[in-house]
Amino acid sequence: MIHNTRVAFDRDHYLQKAEKDPAFDVIIIGGGATGLGAALDAASRGFKTLLLEQADFAKGTSSRSTKLIHGGVRYLAQGDIKLVYEALFERGLLLKNAPHLVSMQPFVIPNYTWWGEFLYGIGLKIYDWMAWRYRFPKTSLLQRKTVSDLLPNLERQGLKGGVLYYDGQFDDARLAINIAQTCASQGGLLINYMKVVGLIKDDRGKVCGVNARDLEKKKDYTFYANGVVNATGVFVDEVLQMNSPSEKALVRPSQGVHIVLDNSFLEGDNALMIPSTEDGRVLFAVPWHHHLLVGTTDTPLDHQSLEPVALKEEVAFILKTLRQYLVKKPEEKDVLSVFAGLRPLAAQGNKAGKTKEISRSHKLLTSESGLITITGGKWTTYRKMAEDTIDEVIKVAGLKQVPCATASLKIHGYSENRTHYGHLEIYGSDASGVRALAGERPELNQILHPAFPHIKAEVVWAVHREMARTVEDVLARRLRILFLNARAAMDMAPEVARLMASELGFDHHWQQRQVKNFLLIAERYLLQVSNKPAIAEVTQSLP
Ligand SMILES: Cc1cc2nc3c(=O)[nH]c(=O)nc-3n(C[C@H](O)[C@H](O)[C@H](O)COP(=O)(O)OP(=O)(O)OC[C@H]3O[C@@H](n4cnc5c(N)ncnc54)[C@H](O)[C@@H]3O)c2cc1C
C-alpha cells in the first residue's frame, strides 16, 4: 500500500458512493478526452457529476492520437479559420494549465521546391499571428544548411531550404488520467469498466438516468441524473440507438495509423513535418518519449472497434513516404510498435467523399429526449467542447447557471519544474510521490526492463493512484510502453501482473489470465501479425 496522505483515486470508493447515492446532476457516458473534459467542466461548476467508462480511461481514440496540441496547419490551408483560431487559443491554455504534459515542439518542413518555402513560410506566419497572446516562438525561414543541421538524417539531395515552426506536443493518455484526477478533486465520481447498456426515461419521455453494467464484478446498476451526455467517440451511434432506434448515424469512423521507430532514424529533438505526401496527406515524424512516432493515415471504415487494427497498406505507405525523406531508411523490421485509432468524424449523414474533407470541428446534438451528444473535434479543443456541452446541459436540464471554470484550472500534476525527475517528470507534481514510494520500498526501485527506465514503483502507483485495473491499463496507458515497443511490453507483462496481483489481492489465476489477455492485445501492436483475424475479437483485457 501507499502510506502518504494524498487523496486516492479509487474505483471501489467511487462505486460505493455512487451506489449509496445514485442521483446526480450530470452523468457523462464515455471516458475519453471528450467525456473526461465534460465531467471536469461539470464538477468544477459545482454539479454532482458521474462519469462511466466501459473500458479504461482513454482506451479508445484518446490514447491513439499523434500527440499534438495544435491549431492544425492543414485546416488553415483548407480555410477553416475558426477551428484553427479556437485550437490555437486552447493550445495556449493547455500549455499554461498542464505544463508537465504539454511542451513546445519545434517542427521543420523541408522544402525541395523554391515556392514551397514561400508558401509554408507565409502560411505559418499567419498561424503564429493567429495564436495572438498565446503565441509560441516565431516561425522562421531556413537555409538549406540549417535544415540539415536541425534534421541530421534528412535526405539532402534536391533540398532547397525549409521552415521552422513550433506547435504543442503531449502525452494523450496521461493527460486523460490527469483530467480524471482533476475532476475527482472537484468532487466528480469516475468509474472505469462500467458500461452503459440502456437509458432510463421518465413518463414524459425525457432521459433521466442510465442502466450500467460493472464489467469487473458483473453487477448491474441504475444511476439517475437531470442531464445525460453521450460522449462515446466513435460509439455515439450505439448510445443514440438506445435513445431511439430512429436516430440517424452521426459518426463516420476514419482510421489513422502510427508507427513507432527508434529515434535514431531522425535523431535529435526536432520533428519532421511533411506537408503533402503522394496522396495529399500530412505526415508527422515526432520525437516522443525518446522514440520516433510517425503518422498518420486516413482510411474510411464502416465499423468501429475498441482495438482497431492497422492495415498493412497503411504501414507500407508510412514507411515508403519516410524512406523518401530520410537517409537511414526504415524497413518493416524496424517498427517497434504500430497502433491504429478511429477519428469520430462528424459525418452528419454524409457518407460520401474522402474523410479528410469531413469537418474536424465538434458537433453538439440534443435529442428530443434531452440526451446530449457531443462528437467530432480534437484532443486540443477538449476543454472548449466540454464548455459548450455543459452550457447545453444547463439549458436542457434546467440546472443552475454557473459559468465555466476550466480556462484557468490547473490540471492534476501541474508543475513548472520538469527537470529533476528524469523520465518521472511526466508525473509532474506526483513525481516526488513515485520516488518516495520507491524510497520506502526499495524492491520497487528496480527497473522493469533493460530498454526502459521505468521502475516497479510506477506500477504500484498506477494501481493505487491512477485506477489501473489491468496489465494493459498499466503498460498501454499509464507507462505507454505498449505504444513505444510492443515486444518490450510483452516481456514486462508477467512482472507487472505479479506486482498488480499482490497490490490488489488477486491470485495466480488472475495473473495468468491477465498476461494471456495482454499478450493477445499486444500482438496487434507488432507489425507482422497486425492483420491476423484470429485475435480480432479480443479488444480489451477485463480485470
Ligand atoms: C489517428 C488520430 C490522430 C489524432 N491526432 C490528434 C492530435 O495530434 N491532436 C489532436 O488534438 N487530436 C487528434 N486526434 C483527435 C482526438 O484524438 C480525438 O478527437 C479524441 O481523442 C476523441 O475523444 P473522444 O472522447 O470523443 O473519443 P474516445 O477517446 O474514443 O472516447 C470514447 C469513450 O467512450 C467509451 N464508451 C463507448 N461506449 C460506451 C458505453 N456504452 N458505456 C461507457 N463507455 C462507453 C469508449 O470505451 C471510449 O473510451 C487524432 C485522432 C486520430 C484517430
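Just follow the structure's listing: the first ligand is 1, and inside any ligand the first atom is 1. Numbering starts at 1 and runs along the sequence shown.
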Fill in: Sub-4.0 Å heavy-atom approach of Met194 to ligand 1
yes
Worksheet, complete the sentence: The single option from Glu216, Glu466, Glu53 that satisfies salt bridge (Lys or Arg N to Asp or Glu O under 4.0 Å) with Arg11 is Glu216
Worksheet item: Distance-only, no hydrogens or angles: does the Gln304 side chain make a donor-acceptor pair with backbone N or O of Phe235 under 3.5 Å?
Response: no
Practice prompt. Determine, for Phe47 and Arg45, whether the Lys NZ or Arg CZ falls below 6.0 Å from the six-membered ring centre while staying within 45 degrees of the axis.
Written response: no
Worksheet item: For atom 14 (N) of ligand 1, what is the nearest protein heavy atom, given as residue, atom name and distance?
Response: Ser65 CB, 4.0 Å
Discussion item. Heavy-atom count check: over 12 atoms from other residues, nucleotides or ligands less than 6.0 Å from Gln241 CD?
Written reply: yes
Discussion item. Within the structure, is a non-hydrogen atom of Val234 found at a distance of less than 4.0 Å from ligand 1?
Written reply: no
Worksheet item: Of Ile426, Val260, Asn263, which meets side chain to side chain contact (heavy atoms under 4.5 Å, CB included) against His289?
Response: Ile426
Worksheet item: Any idea which part of Ala231 is under 4.0 Å from ligand 1, heavy-atom wise: side chain, backbone, both or neither?
Response: backbone
Discussion item. Please work out, at 4.0 Å between heavy atoms, whether the side chain, the backbone, both, or neither of Leu68 comes within that distance of ligand 1.
Written reply: both
Practice prompt. Work out whether the distance between some heavy atom of Glu238 and some atom of ligand 1 is less than 4.0 Å.
Written response: no
Discussion item. Within ligand 1, which atoms have a heavy atom of Phe235 less than 4.0 Å away?
Written reply: 37 (C), 38 (N)
Fill in: Element-labelled atoms of ligand 1 that are located less than 4.0 Å from some non-hydrogen atom of Leu306
47 (O)
Item to complete: Give a yes or no on whether a salt bridge exists between Lys217 and Asp12, defined as a side-chain N under 4.0 angstrom from a carboxylate O.
Response: yes
Discussion item. Are Tyr165 and Tyr120, when compared by the centres of their aromatic rings, separated by less than 6.0 Å?
Written reply: no
Discussion item. Quick test of your reading of the structure: of Phe170, Trp379, Phe339, Phe57, whose heavy atom lies closest to atom 17 (O) of ligand 1?
Written reply: Trp379
Worksheet item: Against heavy atoms of Thr296, which atoms of ligand 1 measure under 4.0 Å?
Response: 1 (C)
Worksheet item: Can you check whether Trp288 and Phe483 have ring centres sitting under 6.0 Å from each other?
Response: no
Worksheet item: In terms of atom number and element, which parts of ligand 1 are under 4.0 angstrom from non-hydrogen atoms of Lys67?
Response: 8 (O)
Discussion item. Among all the protein's non-hydrogen atoms, which is closest to atom 37 (C) of ligand 1, and how far away is it?
Written reply: Gln54 NE2, 3.3 Å
Worksheet item: Mind checking whether Gly341 has an N or O less than 3.5 Å away from an N or O of ligand 1?
Response: no
Worksheet item: With a cut-off of 4.0 Å, which atoms of ligand 1 are near a heavy atom of His258?
Response: 1 (C), 3 (C)
Response to the item:
for atom 32 (C) of ligand 1, nearest protein heavy atom and its distance come out as Thr232 C, 3.4 Å
Fill in: atom 52 (C) of ligand 1: the protein heavy-atom neighbour that sits closest, reported with distance to 0.1 Å
Arg343 CG, 3.6 Å
